[in-house]
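Single-structure report; data block below.
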Amino acid sequence: GSLNKSSTYSTSESPTSFDDATHYNNFYEFGTDKTDPAKYSGKFKPMPWTLQIDGLVHTPKTFDLDKILSTFPLEERIYRMRCVEAWSMVIPWVGFPLKYLLSQMDIMGSAQYVSFETVVRPAEMPGQSSVFPVISWPYREGLRLDEAMHPLTLLAVGMYGKVLPNQNGAPIRLVVPWKYGFKGIKSIVKISLTEKKPETSWNLLAPNEYGFYANVNPNVDHPRWSQASERVIGAKGGFFSTPTKKTQPFNGYGEEVASLYKNMDLTKSF
Amino acid sequence: MAWLSRIPNTPWIKLALYILGFIPALWYFYLGMVGGLGTDPIRTFEDKLGIWALRFLIASLCITPLRKLVHINLLRYRRIIGLLAFYYVLLHFTVYLTLDKRLDWSLILHEISTKPYLIIGAIAALLLLALAVTSNNRSMKKLGKNWRRLHTLVYPATIGVGIHFMLAVKSWPTNMLVYNFILLVLLAYRVVASATKAKPQPIQNR
């Protein structure tokens, strides 16, 4: 179908190369090294795919991904991506706002959060059959309902005008550009509406290091390293051309999202 | 292993060891210059230098167990190997200051004074500095018995290096676990060796 490339939410910064964005990934289902996902995701079969939505909804539904793709108009969103490890990229995603999908559901008034789960397929995802699993599968993430309904919050099914590669979270993943990259859960099979704040994988692993909100914030350091600056990686020509820049609050999306957190102490709710 | 003792310990051999030792640093520097260190070349260069510092540290800690357990005597190369470990620590730290933090001193001071992995790393580096500057013959003579005592600081430095590595990474990557296991074994050997040495030898089979 047609792809709307004129989103006002897109940055004019130049995108990272496709090669770098697809060969430098954190996707522990395929291994903990940045180059593992590109190397070991070949066996993964993203299609056919179904996405289940349940929890505090009047009628739980299971969507076929093909159906989803033909229902919502796809648009390109060029977003900055800031990893909690203090590096960043710029990625042209293809997808649709999560709120379009959630608006297909009859959500109960008691729902306050949205939780997400990644598929579990140890036969196709070598990291999930590892003897010493880093994460207790499935990978889980969550958003507050108002964050989930924000127009910047995207479900991506592609990048660089192409179908989403396996190593980047095929066939459907979350992109929340004002939060650290680990919030962008990949290969989503289940979305649930909940009343309680959902458990999230990195928070379970190290609660003092990775908060539920994980909003990009140069003033709240990771306990082990500073978040004040970031390496803009993927520059051609080696380390003398890799720029370092000051990290922006909410990754530069403060104008759109700061109001979501106006009465909160962001050093406590980090 | 008698052939080993036939290798002369000439200045040429020492020079050759230094040249060999600096090949990894030069190679990764070259790759970094031409865009051959992947997507995040600064982090990669920093990591590679740290890993090589660790490898030389491990090699220097292997000299004694090799001599005692399998009778391979490489003692005469220990100083060079230890110094190489220190030079790689220095390069690792220099890359952190320059390429990574761009000499942003307020950020650097904030990080080094608040981040445990950097505090511990800096202490370990200072201990290794003390060992490096007293590694020459003159210091050995001057310090006498105290030289040995001073150089047992390599053990707390090693513990610091292991903790620094563990805290610098996000989760539990395999290479960190493997290197820390090796460090642990090498330190455990010292504990066991000194414990068995301290006991009076039983007189048997005489």
By residue number, those in residues 113-122 of chain A with heavy atoms under 4.5 Å from heavy atoms of chain B are none
Pick one of side chain, backbone, both or neither for B:Y30, based on which atoms fall under 4.5 Å of a heavy atom in chain A. neither
Residues B:R43, B:D40: salt bridge by 4.0 Å N-O rule: no
For the rings on A:F250 and A:Y261, is their centre-to-centre separation under 6.0 Å? yes
Interchain contact, B:L167 with chain A, by part (heavy-atom threshold 4.5 Å): both
At a 4.5 Å cut-off on heavy atoms, which part of A:N26 comes close to chain B: side chain, backbone, both, or neither? side chain
Would you tell me whether B:H151 and B:S135 have side-chain atoms, one donor and one acceptor, within less than 3.5 Å of each other? no
Per-residue contact mode, B:V169 against chain A (heavy atom under 4.5 angstrom): backbone
Verify side-chain contact (heavy atoms from CB on, under 4.5 Å) between A:V90 and A:I78, making sure each step is shown before the conclusion. CA-CA 7 Å; A:V90 175; A:I78 307 172; 3.6 Å; yes
Please identify, among A:D19, A:D20, A:L205, A:V134, the residue contributing the most non-hydrogen atom pairs under 4.5 Å to chain B. A:D20
Which atoms of B:D104 are under 4.5 Å from chain A, going by heavy atoms: the side chain, the backbone, both sets, or neither? side chain
Checking A:S229 against chain B: side chain, backbone, both or neither under 4.5 Å from a heavy atom? side chain
If you compare all heavy atoms of A:Q227 against all heavy atoms of A:V220, which two are closest, and at what distance to 0.1 Å? CG-O, 3.7 Å
With A:Y28 as partner, the option from A:Y139, A:W202, A:W137, A:F182 fulfilling ring-ring contact (aromatic ring centres under 6.0 Å, His included) is A:W202
Does any heavy atom of chain B fall under 4.5 Å from the side chain of A:R224, the backbone, both, or neither of them? both
Check whether A:V232 gets within reach of chain B through its side chain, its backbone, both or neither, counting any heavy atom under 4.5 Å. neither
Exactly one of A:E13, A:E230, A:Q248, A:M81 clears side chain to side chain contact (heavy atoms under 4.5 Å, CB included) with A:S88, and that residue is A:E230
Against the six-membered ring of A:Y210, is A:K183 placed for a cation-pi contact (under 6.0 Å from the centre, within 45° of the normal)? no
Atom group of B:L37 that falls short of 4.5 Å from chain A, counting heavy atoms: side chain
Kindly assign one of parallel, tilted or perpendicular to the pair A:Y253 and A:Y79, based on the angle between their ring planes and the thresholds 30° and 60°. perpendicular
Sort A:W225 into side chain, backbone, both or neither according to what part of it lies under 4.5 angstrom from a heavy atom of chain B. both
Do the ring planes of A:Y160 and A:F18 sit parallel (below 30°), tilted (30 to 60°) or perpendicular (above 60°)? perpendicular
Lys/Arg N to Asp/Glu carboxylate O, A:R140 vs A:E199, below 4.0 Å: yes
Determine the interplanar angle of the A:Y24 and A:W87 rings, folded into 0 to 90°, and report it as parallel if under 30°, tilted if 30 to 60°, perpendicular if over 60°. perpendicular
Looking at B:T174, B:D100, B:L177, B:N175, which one has more heavy-atom pairs under 4.5 Å with chain A than the rest? B:D100
